**Student:** 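The structure that follows is given in the form of structure tokens.
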Amino acid sequence: MSTTTAPTHKTETISDRFKSREEAAARASGQLPPEVDVKTGTMINPHNPEFITKRPWYLGGDAADGPSLDHQANQKDESERLELSLAAAEKLV
């Protein structure tokens, strides 16, 4: 079982939203360096949409932690990943 924290959602002000959009446009055009994943240290493609790079409020965590693609990773347990799919079972027969 995974443990979740209570959602901590903070609404951005309109000026903060405009600033973040300007930064995103500058990163996409190459004027600013791309964001770096805070967990792995790898570059995040500046052409990825915001809904991919920001952790959703309903998964817990805080946006102040920084950009990360960790929430996009496979969340299954080791036992669930080792189960055979129907296609893999057919190949064994």
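We count residues from 1, following the sequence as given. Because the structure is a prediction, the values reported are computed rather than measured.
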**Student:** Any side-chain heavy-atom pair from M43 and P34 closer than 4.5 angstrom?
**Tutor:**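 Yes, at least one pair of side-chain atoms sits under 4.5 Å.
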**Student:** How far does CG of N45 sit from CD of E35, to the nearest 0.5 angstrom?
**Tutor:**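 Output value for this atom pair is 11.0 Å.
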**Student:** Short question: side chain of T40, backbone of D37 - any donor-acceptor pair under 3.5 Å?
**Tutor:**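 No; judged by distance alone, with no hydrogens or angles, the pair does not exist.
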**Student:** Report the residues that fulfil side chain to side chain donor-acceptor pair (under 3.5 Å) with S15, sequence neighbours left out, ordered by chain and then residue number.
**Tutor:**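 By the side chain to side chain donor-acceptor pair (under 3.5 Å) rule, S15 matches T13.
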